[in-house]
Amino acid sequence: MASGDHSVLFIDKLAVQARDRRGKTIPIVEEISFSINSGKVTALIGESGSGKTTIALACLGYARPGCEIVSGEVRLSSTDILSLSNADCRKLRGRDIAYIAQSAVAAFNSAWTIDRQVIESALLHKLMNRKAALDKARRLYRELDLPEPDSIGKRYPHQVSGGQLQRLMAAMAMMCDPQLLILDEPTTALDVTTQIEVLLSFKKLIQNNQTSAIYVSHDLAVVAQIADDILVLKDGRIVESGPVESIIENPQHPYTRELIGAAHVMPEQLPEARSMPTVDAGGNVAVDVAVGVGEQPYTPLLTIASVTAGYGRQHRYLALHDINLEVHSGRTLGVIGESGSGKTTLARVVSGLMQLKSGQVDLAGQRLDDSVERRDRDTLRHIQFAFQMADVALNPCHKVSKIIGRPLQFYFDMDEESMNHRTAELLELVELPAGYANRFPRQLSGGERQRVNLARALAADPQLIICDEITSALDTVVAKAILKLLKNLQAQLNVSYLFISHDLSVIANIADTIAVMRDGEVVEFGLTRDVMTPPLHPYTRLLLDSVPEMRTDWLESSIGLANVEGK
């Protein structure tokens, strides 16, 4: 493969390996070759473990601990990156190659102002003085359509939204006018409407500056909006590559077709109407008692009645306004809405992590204390949490056996032999081998960690599991498998779910009832079939229309979505 005259990035036969405890080499990526011309975007697509991020990091001359770049060529213009010393690589990073990570929250220092962090690379590389750097930062804020561009930099990271912070990270990356921009899953954790804004900002920034870019993602529908070319990766190898239109419209490899089939798929048939709650015109929960022959009316397991709650002294900043909802035994309530709509606050109220201003929460007919510290052990056991980021939620220093064993010991006072037996059963329930009990979280894939996360929640034998965005950080194939697992577990154990997501297609695939939240209020609540059947509530329609479609012109056609009535 010869380097083209206009190639900004040229990679030839790149190979990265790892070693296990016995010293055996394990290939991570093999025979990776591609190039990117000036102003073009190449997307790396594949499920967890396919090698996407490993390739992106190799462009920085970096391999994760335990890994080694063993062969190949990585060239940025005339610079042979793999021949550089560590010191020379550090000079290159941030100046010639910039990296935008998945989690902007983790990338920013909460103790420093935004301006200080955005201009830091320009000052470190001595490309301009402080005044010039601040002027450039404000220009970038305007280019990225950030609010109050002349003053937003004086804020701290916690004082801006997730979508704004993601765009501020792009401003940080562009301060030194890099030749290559690496975007590693930059919109995965964002709600669908915010994702549109961020994608549009990134696309505008890349086009205006004619920056070459690598876009790492597991979502082909998102990639279709921004990439010129796509590399489809599986098990560390390229299985298909080509222009984005060709890959989307005429995929050749079965794995590519599988990825396309798993992307943002709405169910072909919505759940049949059953005896489930609705909300009347006054915002009160009402149950339709009409049931089929031989059926009994469903009994509410969790009742949220007139709940108002907020932050600050005496709930000065309200996050929930008069919420009325029900979760029925063995059923799933899906909660959908943008960032700041109150979804996670609702979960915190139910779990006792946040106190109420007014209203009450009942579980199986018993009123719950609004403070987790005052709930007895049995009440704690019945409501469990499955967190969004399993890699953060699981202690990296503990083996899976200890992670799952702690709730077994805490709630049931099991001895070691009983814990080991039950741990093996729980791993089988979440479709993992019993031998995984001896592994650490770092030895598991993202999907496997999420299964351990669920196994830990199930260890308490709960009545209700709060699933907070548990598929948002997973690739589409793995997310589909996790949703199938949740349905199987519900059928076996009769467990109920309060399932929080910003993706309406995910909610529609798992929920019996849906609550659509906006600005701390429930704007629509009812059976999934009713909520998803036209005519839709304007805000529900906005959320549905904000889910990317598998076509390259979708993003431009979505620009008018922000002007939909009610947005």
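Just so you know, residue 1 is the first one in the sequence shown, and it goes up from there. All of these numbers come straight from a predicted model, not from anything done at the bench. Atoms considered below: every heavy atom in the structure, side chains included; atoms not considered: hydrogens, waters and symmetry mates.
Two residues are said to be in side-chain contact when any heavy atoms from C-beta on lie closer than 4.5 Å; L183 and Y99 fail this criterion. Side-chain contact check for L92 versus L84: some heavy-atom pair is nearer than 4.5 Å. Contact of the L356 side chain with the V307 side chain is registered, since non-hydrogen atoms from C-beta on lie closer than 4.5 Å. With contacts defined as side-chain heavy-atom distances shorter than 4.5 Å, the pair S358/T308 qualifies. Taking the side chain as every heavy atom from C-beta outward, K399 and R439 never approach each other to under 4.5 Å. By the 4.5 Å heavy-atom criterion applied to side chains, K13 and S71 are not counted as neighbours. At least one side-chain heavy atom of T187 sits less than 4.5 Å from a side-chain heavy atom of Y215. Side-chain contact between I238 and I32 is present, with at least one heavy-atom pair separated by less than 4.5 Å.
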#### Entry: Pair S77-Q179, side-chain hydrogen bond (donor to acceptor under 3.5 Å, both in side chains): steps then yes or no
CA-CA 9 Å; S77 297; Q179 297 180 60; 2.5 Å; yes

What's the verdict on salt bridge (Lys or Arg N to Asp or Glu O under 4.0 Å) for D150 and R142, showing C-alpha distance, side-chain angles and the deciding distance? CA-CA 9 Å; D150 292 331; R142 291 188 183 91; 2.4 Å; yes

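Other residues, nucleotides and ligands place no more than 12 heavy atoms under 6.0 Å from the NZ atom of K402. Shown here is K91, whose NZ atom has no more than 12 heavy atoms of other residues, nucleotides or ligands within 6.0 Å. In the displayed structure, R374 atom CZ is contacted under 6.0 Å by more than 12 heavy atoms of other residues, nucleotides or ligands. Surrounding NZ of K40 are at most 12 heavy atoms belonging to other residues, nucleotides or ligands under 6.0 Å away. Within a 6.0 Å sphere centred on CZ of R155, heavy atoms belonging to other residues, nucleotides or ligands number more than 12.
Put simply, CZ on R90 and CG on L124 are 12.0 Å apart, with the number rounded to the nearest 0.5 Å. In this structure, T345 OG1 and L320 CG are separated by 5.5 Å, a value rounded to the nearest 0.5 Å. Taking SG of C89 as the start and CG of L60 as the end, the distance is 8.5 Å to the nearest 0.5 Å. In this structure, CD1 on I403 lies 10.5 Å from CZ on R449, to the nearest 0.5 angstrom. L165 contributes atom CG, which lies 5.0 Å from atom CZ of F108 (distance to the nearest 0.5 angstrom).
Side-chain contact annotation: Y141 with D115, donor-acceptor N/O pair under 3.5 Å present. Looking at N109 and Q117, their side chains never bring a donor and an acceptor atom within 3.5 Å of each other. No side-chain N or O of S38 forms a donor-acceptor pair with one of Q210 less than 3.5 Å apart. Side-chain contact annotation: E143 with N209, donor-acceptor N/O pair under 3.5 Å present.
Salt-bridge annotation for D145 and R167: absent, with no side-chain N of the basic residue lying under 4.0 Å from a carboxylate O of the acidic one. Ion pairing between a basic and an acidic side chain is recognised when a charged N comes within 4.0 Å of a carboxylate O; R139 and D135 show no such pairing. Between D235 and R237 no salt bridge is recorded (no basic side-chain N to carboxylate O distance below 4.0 Å). Electrostatic pairing of K234 and E47 counts as a salt bridge here, judged by a charged N lying under 4.0 Å from a carboxylate O. Salt bridge annotation for R348-D370: absent, with no cationic side-chain nitrogen under 4.0 angstrom from a carboxylate oxygen.
Nearest heavy atoms, C397 versus F440: O-CE2, 3.4 Å. Shortest non-hydrogen contact noted between V350 and I383 is O-CD1, 3.8 Å. Taking each heavy atom of H218 and E185 in turn, the nearest pair found is ND1-OE2, 3.2 Å. The nearest pair of heavy atoms linking A224 to V244 is CA-CG2, 3.8 Å. Considering every non-hydrogen atom in both L259 and G46, the closest pair reads CD1-CA, 4.4 Å. Taking all atoms of both residues into account, the shortest heavy-atom contact from A309 to Q355 is CB-O, 3.7 Å.
Under the 3.5 Å distance criterion, the side-chain polar atoms of N129 are matched with a main-chain donor or acceptor of A132. Between the K343 side chain and the I336 main chain, no donor and acceptor come within less than 3.5 Å of each other.
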